[in-house]
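Since the model is a prediction, treat every value here as computed from it, not as a measurement. FYI, side chains are in, hydrogens and waters are out, and symmetry mates aren't considered; it's all heavy atoms of this structure.
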Amino acid sequence: MKKLFLLLGLCISMLALQAAAQQSLADVARKTRATRQANPTARVIDNDVIPQSKPETPPPSADKAKDSDKKAAATDDKKDEKTDGKDQAQTTPPDTKKTPDLKKQIDDAKKEITQLQRELDVSEREARLRAAAYYADAGTMLRDQGKFMEDSRKQQEEIDTKKQSLTEAKQKLEDLQEQARKTGIAVE
């Protein structure tokens with residue numbers, strides 16, 4: 001009973017103190033901000049410091065392509081000077097019929113790579129989920145060990161096959177891009 005009266009008295013005194021203070025949190029924050037000294041060495045990061053847009057610079061691959069084109073043109077000029085009219089090779093512009101066809105082949109190869117990568121990702125994710133479900137259930141582990149191992153082996157073979165076809169598709173794309181570069185077609 002004494003504890004109850006003591007607790008009640010403590011609550012009443014706290015309420016009295018709170019009513020007497022009657023300061024809002026905003027007032028306390030203003031007072032502390034006014035009394036606090038500013039640190040002049042502290043760096044303030046706001047929208048004025050952060051740039052709004054990135055400066056436009058050409059991608060580095062474009063610079064390299066321009067440099068290589070300049071070097072190729074310079075070597076061609078040197079060759080022309082050396083021949084002095086003898087055995088001048090006829091330079092023919094890229095075949096206009098092959099240009100759209102080659103670009104279409106490159107686009108198709110890119111689409112194929114995207115599709116193969118997506119299929120590979122799905123297969124790997126399914127294998128991980130299947131393994132997680134298998135190892136999470138002790139009963140399944142005891143009953144179906146052989147079946148799980150056989151299915152895992154088949155899945156791994158499927159994944160390896162997809163990885164191989166993805167590698168082949170990437171090589172085919174590189175070959176097409178190289179062929180386009182040699183014929184003078186601009187390819188991204």
Side-chain angles (χ1 to χ4, degrees), residues 1-74 103 106-142 148 151-152 155-156 158-160 162-167 169-171 173-174 176-178 180-181 185-188:
M1 191 65 139
K2 288 181 183 180
K3 290 181 182 181
L4 184 61
F5 284 125
L6 182 61
L7 186 59
L8 183 62
L10 184 61
C11 288
I12 291 173
S13 63
M14 292 298 285
L15 287 174
L17 285 174
Q18 185 180 9
Q22 203 62 28
Q23 260 185 337
S24 72
L25 182 60
D27 293 334
V28 172
R30 284 187 200 103
K31 284 183 184 178
T32 57
R33 188 176 301 137
T35 59
R36 184 178 60 187
Q37 293 180 351
N39 185 358
T41 61
R43 183 173 179 184
V44 177
I45 298 175
D46 57 3
N47 286 342
D48 295 333
V49 176
I50 300 173
Q52 295 298 323
S53 65
K54 294 181 180 178
E56 299 211 13
T57 59
S61 61
D63 291 338
K64 291 179 183 176
K66 289 178 184 176
D67 291 341
S68 64
D69 290 343
K70 289 178 184 176
K71 289 179 183 177
K103 286 184 179 181
I106 290 173
D107 289 339
D108 290 343
K110 286 180 181 179
K111 288 177 185 177
E112 181 184 2
I113 288 173
T114 305
Q115 181 67 27
L116 288 171
Q117 184 65 46
R118 188 176 307 126
E119 289 176 5
L120 178 64
D121 291 342
V122 168
S123 295
E124 288 175 340
R125 188 177 326 122
E126 286 176 353
R128 285 192 304 268
L129 288 173
R130 190 170 164 280
Y134 173 77
Y135 288 115
D137 186 12
T140 303
M141 287 174 56
L142 292 172
F148 175 76
D151 291 344
S152 295
Q155 270 186 331
Q156 190 59 44
E158 178 184 335
I159 289 171
D160 292 340
K162 288 182 181 182
K163 283 182 181 179
Q164 180 65 30
S165 60
L166 180 64
T167 305
K170 286 182 179 180
Q171 182 62 41
L173 176 64
E174 288 176 9
L176 287 171
Q177 288 175 336
E178 181 65 23
R181 186 192 65 78
I185 300 171
V187 182
E188 296 115 28

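- A salt bridge does not link K110 to D107: none of the charged side-chain nitrogens sits closer than 4.0 Å to a carboxylate oxygen.
- The distance from atom CG of L176 to atom CD of Q171, rounded to the nearest 0.5 Å, is 10.0 Å.
- Annotation: side chain of Q115 is in contact with side chain of E119 (closest heavy-atom distance under 4.5 Å).
- For Y134, the ring-ring contact (aromatic ring centres under 6.0 Å, His included) criterion is met by F148, not counting sequence neighbours.
- D151 and Q155 share no donor-acceptor pair across their side chains, judged by distance under 3.5 Å alone.
- Interatomic distance, L120 CG to E158 CD, rounded to the nearest 0.5 Å: 9.5 Å.
- Side-chain contact check for D160 and Q164: no donor-acceptor pair (N or O, by modelled atom type) lies under 3.5 Å.
- Here the straight-line distance linking atom CG of L166 with atom CD of E112 works out to 9.0 Å at 0.5 Å rounding.
- For E126, the salt bridge (Lys or Arg N to Asp or Glu O under 4.0 Å) test picks out no residue, with sequence neighbours left out.
- Partners of E124 according to the salt bridge (Lys or Arg N to Asp or Glu O under 4.0 Å) rule, which considers only residues two or more places apart in sequence or in another chain, are K163.
- Side chains of T114 and K111 form no contact here, defined as non-hydrogen atoms less than 4.5 Å apart.
- Residues I113 and K170 approach most closely at CD1-CA, 3.7 Å, considering heavy atoms.
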Candidate pair D27 and R30, rule salt bridge (Lys or Arg N to Asp or Glu O under 4.0 Å), full reasoning: CA-CA 5 Å; D27 293 334; R30 284 187 200 103; 2.9 Å; yes

